[in-house]
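The structure appears below as structure tokens.
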Amino acid sequence: MEQILSLAKKAAEEAEVFEISSEETRVRFEANKLKQLQTRQQTTVALRIIKNGKTGYATSTEIGDGTGLVNAAVETAEFGTTAAFQLPGPTEYPSVNIYDDAVNSVSAREMVALGEEMITALTGHTPELICEGSVGRSVINVSIINSRGGQAAYRKSFFGLDIEGSLIEDTDILFVADSQNSCHPLAETSTVTTEVLRQLDLAKKRATVPSKSMPVVFTPNGIASGLLLPLMSAFNGKTVLEGASPIGNKQGKLVFDKKFNLHDDPTLVYRPGSRPCDDEGVSSRRTPLAENGVIVEFLYDLQTGALAGKQSTGNGSRSRGGLPSPSATAFTIAPGDTAYDDIIKDIKEGLLIDFLMGASQGNVLGGDFSGNVLLGFKIENGEVVGRVKDTMVSGNIYRALKDITAIGSQARWVGSSLLTPPIYLPSIAVASKG
Amino acid sequence: MPDIEAIASELAVELKKYQADYLEAHLEEGQTSHIAYRGKELDSIGRSTAVGGNVRALVKGGWGFTSFNNLEGLSDRIAQAVEQARSASSGKSSLFPMKPVTDNIPAGVDVNPVTIPLSEKKQQLDEYKEIIWRTPQIQTSTINYSDSRRKVIYLNSAGSHIVQERADVSLLILAIAAKDGEVQQAFLSIGSRGDFNAVRNLHDKVETKARHAVEALAAPQAKGGEYTVVVDPMLAGVFAHEAFGHLSESDFVYENERLREIMKLGKQFGGKHLNIVDSAALPGYRGSYKYDDEGTPSAKNYLIKEGKLVGRLHSRETAMKMNEPLTGNARAINYRYPPIVRMTNTYIESGEVSFEDMIADIKEGIYAKDCFGGTTAMEMFTFSAEEAYMIRDGKIAETLRPVVLTGNVFNTLANIDAIGNDLYIHDGAGGCGKGEQMPLPVSTGGPHIRIQKCLIGGS
Ligand SMILES: [Zn+2]
């Protein structure tokens with residue numbers, strides 16, 4: 001890395017070398033049986049330079065090829081964007097614990113056992129269920145050095161459990177799924193299986209809903225599949241800078257219901273979305289996005305922040321060594337004060353949504369969500385009475401989240417990017433074939 | 001850049017030294033370049049190079065797979081894959097037998113798109129960007145261009161040695177219009193099997209798209225419910241791929257008795273007019289190739305013929321397990337992933353109905369064009385049309401906001417009551433996603449088709 005940096009410094013005013021390497025082991029199950037063991041090793045090195053005030057950029061899988069990288073970066077710098085930012089100099093980073101060496105000592109045999117345990121728990125409940133799943137562990141190493149003396153390096157461990165099941169009756173196919181991950185090894189499969197068993201129990205009976213507007217409860221999985229993308233796009237500093245975010249000019253204004261509190265938090269310990277600094281070497285911090293329904297901040301990287309006249313919020317992220325771009329790390333929605341059971345009891349006729357399919361295909365920027373209820377249940381007289389089919393919901397997050405009836409008192413992680421309780425909305429348009 | 005052909009020759013010898021029912025390796029090297037705009041500003045421009053490989057082993061029904069981009073110590077990698085396969089083994093291997101093949105397929109393009117100077121590519125994109133920004137009420141736009149050239153060497157323990165090169169070009173232009181807090185978008189997605197000319201001279205198309213985004217701002221939203229819906233060739237192609245094609249991927253089916261029942265060959269899914277094909281052998285499209293990533297030659301495969309289910313897509317393992325012919329559909333997006341059953345160029349064949357006749361007797365219906373994307377969960381599909389119009393008394397009437405179509409694929413296939421005579425196969429940007437492997441280059445197509453009782457989401 002030092003060698004690439006010193007070569008680049010000769011060719012440009014500023015330079016930054018970013019290196020990410022990972023080793024992953026995974027066991028995969030198909031049709032309730034162990035199918036494949038796999039390992040994956042990958043290293044990517046990315047060079048960003050500023051030459052004549054413009055950004056140049058190149059990546060390679062070969063750390064040895066410094067000259068090739070520098071030449072490619074110099075060619076692109078001729079057309080590159082004008083760099084509005086300064087690379088960070090030496091920085092004191094917060095300590096965020098994201099590495100647990102114990103992940104490395106989980107053997108493939110133990111991982112197979114965890115997968116089998118999940119499948120046994122589910123097929124014990126519903127013998128016809130066909131499960132696919134995986135258990136994975138990995139270690140990621142990130143290092144960054146730049147020409148201003150900035151220097152960052154960290155190591156992150158990851159462990160994940162994934163399971164999905166399908167149950168087929170004639171042409172009807174029921175899908176159930178859940179996953180959990182952590183920087184610690186996960187020894188308990190019940191967090192995942194309990195959730196899937198809940199879905200299976202609720203789906204035993206069928207129900208139909210009429211086509212009309214009605215109260216809707218989004219579970220954490222439902223929020224992730226239905227509402228998360230439009231929110232992430234709206235709070236992205238890049239969308240705001242372009243004037244494409246519907247809330248870009250609403251900082252300090254009440255946009256959502258007063259009960260709605262949203263943060264981006266890369267500092268939560270042992271969470272796979274966490275890190276001490278972002279991919280440009282800027283310190284991580286917890287960023288308030290909406291507090292009591294009022295828009296507080298947006299997410300920025302160095303370049304976008306500089307163009308917007310703001311500081312980077314430490315949200316510069318690279319996908320596999322790509323150029324940094326603002327991106328959420330982990331969205332957290334604060335729990336409210338209503339127990340889940342009380343939410344359900346409150347509803348005379350409504351819909352409980354666990355998974356919305358296709359919601360992110362519509363006009364995400366405008367905040368629209370519209371999708372097929374892949375896994376959802378009818379609520380009738382305060383009880384979940386059965387699974388609905390051929391049902392669509394559509395709405396707009398700005399209208400929908402302006403008036404929230406209640407927020408659940410217990411939050412749950414969905415993957416590594418969302419921690420949320422269930423949300424109860426008073427009226428969403430539902431269309432059904434009945 | 002290491003010489004992967006030289007490494008391949010050594011590796012071919014090594015592969016024969018291990019105890020496994022089957023061993024294969026892929027070695028790959030490639031270059032890409034990309035240019036991206038967000039708004040008026042250039043967002044990113046860059047070049048990258050990558051080298052890597054993988055080894056996959058099959059032992060007693062269990063698979064081991066290891067991928068790497070450090071090409072040293074490859075015999076250890078083989079040993080690791082074999083050991084993993086052994087740990088995953090539980091029964092007996094089943095793999096469709098094949099004779100060893102030696103072949104060398106060039107990329108088939110006159111000019112490697114990656115070598116075209118970035119200045120020339122940028123010039124072309126700048127012209128498109130100007131057109132979008134000239135359009136009144138356009139709030140912003142994004143343009144993503146990328147190209148690649150890669151060489152993949154496939155080796156197996158039976159002695160196959162296949163070198164295939166390919167090049168790809170991909171352009172996605174998104175125009176976003178906004179007024180009074182309302183936002184609408186329209187996009188243009190063009191891909192090509194390595195020919196940069198495919199993304200030249202698109203000025204008129206870009207202008208039409210930008211205008212459509214603006215027009216949609218003032219358009220009403222469709223009232224949700226069931227309609228007679230006519231879809232254009234682009235959307236018909238997405239339907240063939242997303243709603244039906246994914247169900248024809250036999251890895252979903254082969255160990256699942258009940259799904260086998262649903263997808264039983266010979267079942268009548270639609271009228272006599274309905275034919276759906278997947279063909280990597282059709283030359284020149286993004287889903288085209290001579291050999292798949294298990295070394296199986298490609299073929300034209302009918303999935304539905306005269307309304308009847310007649311075939312499905314296979315890897316060597318699924319073909320053997322289901323006792324069906326090989327189709328050559330095992331593909332991986334790159335060396336980091338094992339080959340799995342995938343589609344290639346998927347389309348509905350032409351029928352006989354003209355577009356005019358198709359809409360002539362519709363009193364109130366919807367004409368849906370193009371597609372933002374689609375997803376499926378087995379028999380359920382959802383896709384978002386990008387453009388939508390009311391059909392009133394046999395004529396295309398007012399513009400609507402984009403609509404979302406959803407339904408059960410089996411019902412929908414049965415509800416197709418007219419198939420147009422105007423087949424068009426589209427190479428788009430990006431590609432298909434399955435599991436963690438995305439984007440895989442594919443093409444999709446069809447003629448105009450008419451669907452009765454199709455559910456449209458709305459207010
Ligand atoms: Zn697909």
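All heavy atoms count here, side chains included; hydrogens, waters and symmetry mates do not. First the proteins, then the strands, lettered A, B, ... as listed; each starts at 1. None of the values given here were measured: they were computed from a predicted structure.
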**Prompt:** Under a 4.5 Å cut-off applied to non-hydrogen side-chain atoms, are A:I428 and A:M214 in contact?
**Reply:** no

**Item:** Min side-chain heavy-atom separation B:F68-A:Q42 under 4.5 Å
**Value:** no

**Request:** Check each atom of B:Q184 against the heavy atoms of chain A and say whether the ones under 4.5 Å are side chain, backbone, both or neither.
**Result:** both

**Message:** Quick check on B:E242 against chain A: is it the side chain, the backbone, both or neither that has a heavy atom closer than 4.5 Å?
**Reply:** neither

**Message:** Using heavy-atom distances under 4.5 Å, tell me whether B:Y37 contacts chain A through its side chain, its backbone, both, or neither.
**Reply:** neither

**Message:** Looking at B:E386 and B:R401, is there a salt bridge between them, counting it only when a charged N and a carboxylate O are closer than 4.0 Å?
**Reply:** no

**Prompt:** Hey, which of B:N69, B:V403, B:N70, B:V409 has the most heavy atom pairs under 4.5 Å with chain A?
**Reply:** B:N69

**Asked** Between B:F381 and chain A, which part of the residue has a heavy atom less than 4.5 Å away: side chain, backbone, both or neither?
**Response** backbone

**Item:** Option passing side-chain hydrogen bond (donor to acceptor under 3.5 Å, both in side chains) with B:D126 (candidates B:Q123, B:K122, B:Q124)
**Value:** B:K122

**Fill in**
Note: vs chain B, highest number of non-hydrogen pairs under 4.5 angstrom among A:L37, A:V393, A:T61 is A:L37

**Prompt:** Can you tell if the side chain of A:T39 reaches within under 4.5 Å of the side chain of B:Q84, non-hydrogen atoms only?
**Reply:** yes

**Message:** Only pairs of heavy atoms separated by less than 4.5 Å count here; which of B:A36, B:P338, B:G407 has the most with chain A?
**Reply:** B:P338

**Request:** Mind running ring pair (Phe, Tyr, Trp, His ring centres under 6.0 Å) on A:F175 and A:F355 for me, showing each step along the way?
**Result:** CA-CA 9 Å; A:F175 260 108; A:F355 195 87; 8.9 Å; no

**Aromatic ring pairing B:F269/B:F410, orientation class (parallel under 30°, perpendicular over 60°, tilted between)** = tilted

**Item:** Choice from B:G39, B:A50, B:S33 maximising heavy atom contacts with chain A below 4.5 Å
**Value:** B:A50

**Request:** Heavy-atom distances under 4.5 Å only: say whether B:Q139 touches chain A with side chain, backbone, both or neither.
**Result:** both

**Prompt:** Measuring heavy-atom distances to chain A, does B:K40 have an atom under 4.5 Å in its side chain, in its backbone, in both, or in neither?
**Reply:** neither

**Asked** So which of B:E226, B:H34, B:K453, B:E261 has the biggest tally of heavy-atom pairs under 4.5 Å with chain A?
**Response** B:E226

**Segment of B:T140 engaging chain A (4.5 angstrom heavy-atom cut-off)** = side chain

**Request:** Answer whether the closest heavy-atom distance between the side chains of A:L69 and A:V45 falls below 4.5 Å.
**Result:** yes

**Asked** Taking NZ, NE, NH1 and NH2 as the nitrogens, is one of them in A:K238 or A:E242 under 4.0 Å from a carboxylate oxygen of the other?
**Response** no

**Request:** Mind ranking B:I176, B:I35, B:D43 by heavy-atom pairs under 4.5 Å with chain A and telling me who comes out on top?
**Result:** B:D43

**Asked** B:S119, B:P2, B:S89: which one forms the most heavy-atom pairs within less than 4.5 Å of chain A?
**Response** B:S119

**Item:** Interchain contact, B:R77 with chain A, by part (heavy-atom threshold 4.5 Å)
**Value:** side chain

